[in-house]
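Only one structure is covered here, and it is reproduced in the block below.
Scope of the values below: all heavy atoms of this structure, side chains included, with no hydrogens, waters or symmetry mates.
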Amino acid sequence: MEARNMVKIHFDSSEEELLYSFVPHLSAAFGRKGISMFTDKHDQSYKSIASVLIFSENYVSSEESLDEFIKTIRRHEEGHIVTAIFYGVSRSNVQELMGSFSKEFLEHCASGHVTQWRNALSEITSLPGHEINNNQSDYESLEKIARDFYEEIFPNERIGIYSRMLPDIENLIYKQQWGVRSIGIWGMPGIGKTKLAKAVFDQLSGDYEVTCFIRNFHETFHKKGLNGLLQEHFKNIPNQTLQQRVLVVLDDVKNHLDAESFLGGLVLFSPGSVIIITSSDKQVLSQCEVNQIYKVEGLSKHEAQQLFSWCAFGKDVREKNLLTEISLKVIEYANGNPLALKLYGEEMSSQEQPNQKETLFLKLKQDPPQQIVEVIKSSYNEVSDNEKNILVYIAFFFTGENVEYVSKRLQDLGLFPDIGINRLVENSLVTISENRLEMHGMIQAVVRQIGRCPKLKINEDPKTSFKCLLGTDDIEAISLDASNLNPDVKLSSLGSMYNLRFLKIYYSDPENHGRALESLPYGLKILHWEYYPLQSLLQDFNPSNLVELNLPYSQLQRLWGGTKNLKMLKRINLSHSQNLLEVEELSEARNLEEIDLCGCKNLQSFPDIQQLQKLRVVDLSGCTQVQSFPEFPSTVELKFEVSSIKTIFPPVTLFVKSLHEFLDNQRKPLLETPESHIFDFMKFRSFRSSQGRITNTDFVESPPTFKRMICQKALEMSRSLQRGLTNLNFEYDVFKIRPLENLMFTKLKEDTS
């Protein structure tokens, strides 16, 4: 037992009930918290970190006990931790010298130390303590004394463990069927898996014949070998060939084969034995075939503030409202991770001025303490190259993004996200919340350190990100805030980065977006450039490798001249490019899936897309100046304004000058020359079967062809559209159409009246 865990106990050994019942049970309760107790007869008081005084009726019967009591109080004045247990006497009797306790004390009135003793007794009764009846040695009371004393000795350790986690673990273990029980403890780096496992070990070890706790099992196993570990922990066990109840804890297992070979070397497991394995990798625990897996969650807000207070201020300052704004920011950033709270708190304690603390916090967010770097790198090194690349991309570019959105982009970049993202979640490096990828701030900071390219110095702004190819200095991906880019910096070097696959240029200040590139690299797969400043893409840019073209809010008037090799292109987003007049030939983009032209209010022409069989979504919301539309494949989902409808009608070319003019025509009494096929389409069966394909039957957009059909039906029924469609009923009285204020929308609803 470490000296830091030694506690001295003072009591009247002449009282047999204390000597043979209460003290042994109290010692066992302290042992379950990892604390070793020794008595007055051991000359080891200099090693003790704290003392326990048990006041009973006969405690003050000898001057020797009172003198020892005085020494303990003096040590308390020097910082020694002391707690009192009033056994069979009340605190008030000791304080006021009443009852039988007073009788024993008054026998020493002739001594010259009475005043000193009185003052010491008054002081000890003002300290926190516990009152116990002579017959009160129940488990719960002793556990509370031991737990309170542990938290007084170690106020910043095991926070949340005894109140929440330990009862959960014990419950999971004891609910398992009789036999060799096992449980895995899983969680992110620094979350407290080892502390929890040690607390469970301390709590249970007294009930087992053989116990073994191996910290850093992976490192120790490969350093000492299987035989070395077995010899170290089990060589002195008597009757090694007999089965015994064993408690084994393997902390930080990274390879299930190591754990299996170690446990397989033991033949002494009898029913009732318990195996506990901790790991940051959930897959390892599953491969070890543990019966249950317990996920360690972060500390609650209250617990996090408590831990940070002790580490930053050396005391609990929560109730005094001394947690400053910067302290609360640090606590929020740590997000319940005990290691982060502890290290950040210790770092912040070195600064006194608020502005110094703020500067230090910003530094720590970019450059975490070395201990954090080491534990996260340990988990990072265990994943495959595919998963490392995915992790770095998420850390730089995709934190907080939709899982499906990220998966598509990672796949475009040649990675395997379906497998990789799941493995990162199992390795506690990434989480998924509400279908979005999240990453703890300290993990993100370390991973960005790993992935950042030190040789590239375009911008010192921390928002600028550079991801290197794994194991090289070649730039693979760049995210650049170009708002405050130094005017002297030349961006021409980007065009010669032949390994560049992902380029994102954005402006945190949209008013400052005048810089442009002289060239773009040939191998580029994803180009994301908000507020692109030129009227067209660079003519010498070869987009043959381009998978995604994302240029929202651009100054584009057209994309490029002539036909380009677009065989890889899947997605085009030119939304809110208000100067865009036309989108050129896309017939070569046979893999195109999405076109977003939302908000391109001056767009006048739309290319022929009939051959694009993979096209699924076209967003034309706000495109009111389009002169003509091509034929759309039947699988395309058209979007207008805020909702959408699939093209459920036969291919029809609209013979109107513009969509705006067409909508204006709906306010006229009638359209005079409807297409002939409309009559067949309006038959009940045809309409009803087609209506089933509408993606939103409450509010959907009606494409122009549908409006023409409605107008034709109105003609047959001699109804006027001069003031809009009002409560128009179809021939079979199945659907009712009510016009909305905006004639772009039509509500389809089954008539239940």
- Query: Would the number of heavy atoms belonging to other residues, nucleotides or ligands and lying under 6.0 Å from CD of Glu332 be above 12?
  - Reply: no

- Item | Heavy-atom pair with the smallest gap, counting every atom of Ile432 and Leu437 | CG1-CD2, 3.9 Å

- Item | Arg147 side, atom CZ; Leu166 side, atom CG - distance, nearest 0.5 Å | 9.5 Å

- With ring pair (Phe, Tyr, Trp, His ring centres under 6.0 Å) as the test, would you mind laying out the steps for Phe69 and Phe55 before giving the verdict? CA-CA 10 Å; Phe69 168 57; Phe55 287 93; 5.5 Å; yes

- Is the shortest heavy-atom distance from the side chain of Cys288 to the side chain of Leu285 under 4.5 Å? no

- Crowded around Glu289 CD? As in, over 12 foreign heavy atoms under 6.0 Å? no

- Does the gap between the ring centers of Tyr344 and Phe308 come in under 6.0 Å? no

- Message: A side-chain contact here means heavy atoms from C-beta on lying under 4.5 Å apart; do Val373 and Gln449 qualify?
- Response: yes

- Is the shortest heavy-atom distance from the side chain of Ile145 to the side chain of Val52 under 4.5 Å? no

- Message: Looking at Arg245, is its backbone amide N or carbonyl O close enough to the side chain of Ser270 to form a donor-acceptor pair, meaning the two atoms are under 3.5 Å apart?
- Response: yes

- What closest approach, in Å, do Ser309 and Leu323 show between heavy atoms, and which atom pair accounts for it? OG-CD2, 3.8 Å

- Please examine the side chains of Val7 and Ile153, heavy atoms only from C-beta on, and report whether any two atoms are closer than 4.5 Å. yes

- Message: Using side-chain heavy atoms (C-beta onward) and a distance below 4.5 Å, is Arg215 in contact with Thr220?
- Response: no

- Message: Can you give me the closest heavy-atom contact between Lys254 and Val284, atom names plus distance?
- Response: O-CG2, 3.4 Å

- Message: Looking only at the side chains, is there a donor atom on one of Lys33 and Gln203 sitting less than 3.5 Å from an acceptor on the other?
- Response: yes

- Query: Which atom pair, heavy atoms only, marks the closest approach of Ser261 to Asp258?
  - Reply: OG-O, 2.8 Å

- Query: Counting N and O atoms only, with roles assigned by atom type, does the side chain of Gln292 sit under 3.5 Å from a partner on the main chain of Ile183, one being a donor and the other an acceptor?
  - Reply: no

- Message: Counting only heavy atoms not in Ile419 (residues, nucleotides, ligands), do more than 12 fall under 6.0 Å from its CD1?
- Response: no

- Task: Answer yes or no: is there a donor N or O on one side and an acceptor on the other, between the side chain of His25 and the main chain of Ser21, under 3.5 Å?
- Result: yes

- Query: Taking atom types as modelled and ignoring hydrogens, do the side chains of Trp186 and Ser428 form a donor-acceptor contact shorter than 3.5 angstrom?
  - Reply: yes

- Quick one: pull up CE in Met188 and CG in Leu339 and give me the separation to the nearest 0.5 Å. 9.0 Å

- With under 30° as parallel and over 60° as perpendicular, where do the rings of Phe22 and Tyr87 fit, or are they tilted in between? tilted

- Full working for side chain to side chain donor-acceptor pair (under 3.5 Å) between Glu15 and Ser56: CA-CA 9 Å; Glu15 295 190 46; Ser56 60; 2.4 Å; yes

- Do Asn427 side-chain atoms and Leu429 backbone N/O form a donor-acceptor pair below 3.5 Å? no

- Query: So, Thr278 side chain and Asp252 main chain: donor-acceptor pair closer than 3.5 Å or not?
  - Reply: yes

- Query: Roughly how far apart are Asn422 CG and Gln283 CD, rounded to 0.5 Å?
  - Reply: 8.5 Å

- Item | Any donor-acceptor pair under 3.5 Å from His440 side chain to Ala334 backbone | yes

- Would you check if there is a donor-acceptor pair between the side chains of Gln176 and Asn291 at a distance under 3.5 Å? yes

- Item | Pair Tyr208 + Phe201: ring centers closer than 6.0 Å | no

- Anything under 30° is parallel, anything over 60° is perpendicular, the rest tilted; go ahead and classify Tyr162 against Tyr150. perpendicular

- Task: Taking atom types as modelled, find out whether Asp316 and Gln305 have a side-chain donor-acceptor pair closer than 3.5 angstrom.
- Result: no

- With a 4.5 Å heavy-atom cut-off, do Glu157 and Lys195 have their side chains touching? yes

- Task: Hey, could you give me the NZ/CZ distance between Lys175 and Arg181, rounded to the nearest 0.5 Å?
- Result: 12.5 Å

- Here the gap from His76 atom NE2 to Thr83 atom OG1, rounded to the nearest 0.5 Å, amounts to 10.0 Å

- OH of Tyr333: more than 12 outside heavy atoms within 6.0 angstrom? yes

- Please tell me if the side chains of Leu247 and Ser273 come closer than 4.5 Å, counting only heavy atoms from C-beta onward. no

- Message: If I compare all heavy atoms of Lys193 with all of Ser280, which pair ends up nearest, and what's the gap?
- Response: NZ-OG, 3.3 Å

- Item | Side-chain heavy atoms of Leu263 within contact of Leu250, under 4.5 Å | yes

- Task: Would you please say whether a donor-acceptor pair under 3.5 Å links the side chains of Glu438 and Thr399?
- Result: no

- Message: Treating Ser182 as the side-chain partner and Val290 as the backbone partner, does any N or O pair qualify as donor plus acceptor under 3.5 Å?
- Response: no

- Task: Considering only NZ, NE, NH1 and NH2 on the basic side and carboxylate oxygens on the acidic side, decide whether Glu303 and Arg164 come within less than 4.0 Å.
- Result: yes

- Query: So, Glu426 and Arg423, do they make that salt bridge, N to O below 4.0 Å?
  - Reply: yes

- Would Phe30 and Phe149 count as a ring pair (Phe, Tyr, Trp, His ring centres under 6.0 Å) if you check the C-alpha gap in whole Å, the side-chain angles of each, and the deciding distance to 0.1 Å? CA-CA 9 Å; Phe30 273 59; Phe149 196 49; 5.4 Å; yes

- Any chance CD of Glu219 has more than 12 other-residue heavy atoms, nucleotides or ligands included, within less than 6.0 Å? no

- Query: For Ser384 and Glu387, does a side-chain donor sit closer than 3.5 Å to a side-chain acceptor?
  - Reply: yes

- Item | Heavy atoms from other residues, nucleotides or ligands near CD of Gln370 exceed 12 (cutoff 6.0 Å) | yes

- Can you see which heavy atom on Ser205 is nearest to which on Thr211, and at what distance? O-CG2, 3.6 Å

- Do side-chain atoms of Trp310 reach the backbone of Phe154 as a donor and acceptor pair under 3.5 angstrom? no

- Query: Could you go step by step and tell me if Asp202 and Arg158 meet the salt bridge (charged side-chain N to carboxylate O under 4.0 Å, His left out) rule?
  - Reply: CA-CA 12 Å; Asp202 292 340; Arg158 297 186 179 180; 2.8 Å; yes

- Task: Go through the steps for His80 and Thr72 under the test side chain to side chain donor-acceptor pair (under 3.5 Å), then give the verdict.
- Result: CA-CA 8 Å; His80 187 70; Thr72 303; over 6 Å; no

- Answer with yes or no whether the side chains of Asp281 and Ser279 bring together a donor and an acceptor at under 3.5 Å. no

- Item | Within 6.0 Å of OH in Tyr174, more than 12 heavy atoms from elsewhere | yes

- Take Glu382 and Ser379 through the side chain to side chain donor-acceptor pair (under 3.5 Å) test and state the conclusion after the steps. CA-CA 5 Å; Glu382 294 303 312; Ser379 292; over 6 Å; no

- Message: Return the CG to CD1 distance between Leu410 and Ile421, rounded to the nearest 0.5 Å.
- Response: 5.5 Å

- Query: So, the side chain of Asn337 versus the backbone of Ala340: is there a donor-acceptor pair under 3.5 Å, distance only?
  - Reply: yes

- Message: Any side-chain to backbone donor/acceptor pair from Asn381 onto Lys377? Under 3.5 Å, distance only.
- Response: yes

- Task: Assess whether atom CD of Glu374 is packed by more than 12 heavy atoms of other residues, nucleotides or ligands within 6.0 Å.
- Result: yes

- Message: With a 4.0 Å cut-off on N to O distance, would you call Lys342 and Glu346 a salt bridge?
- Response: yes

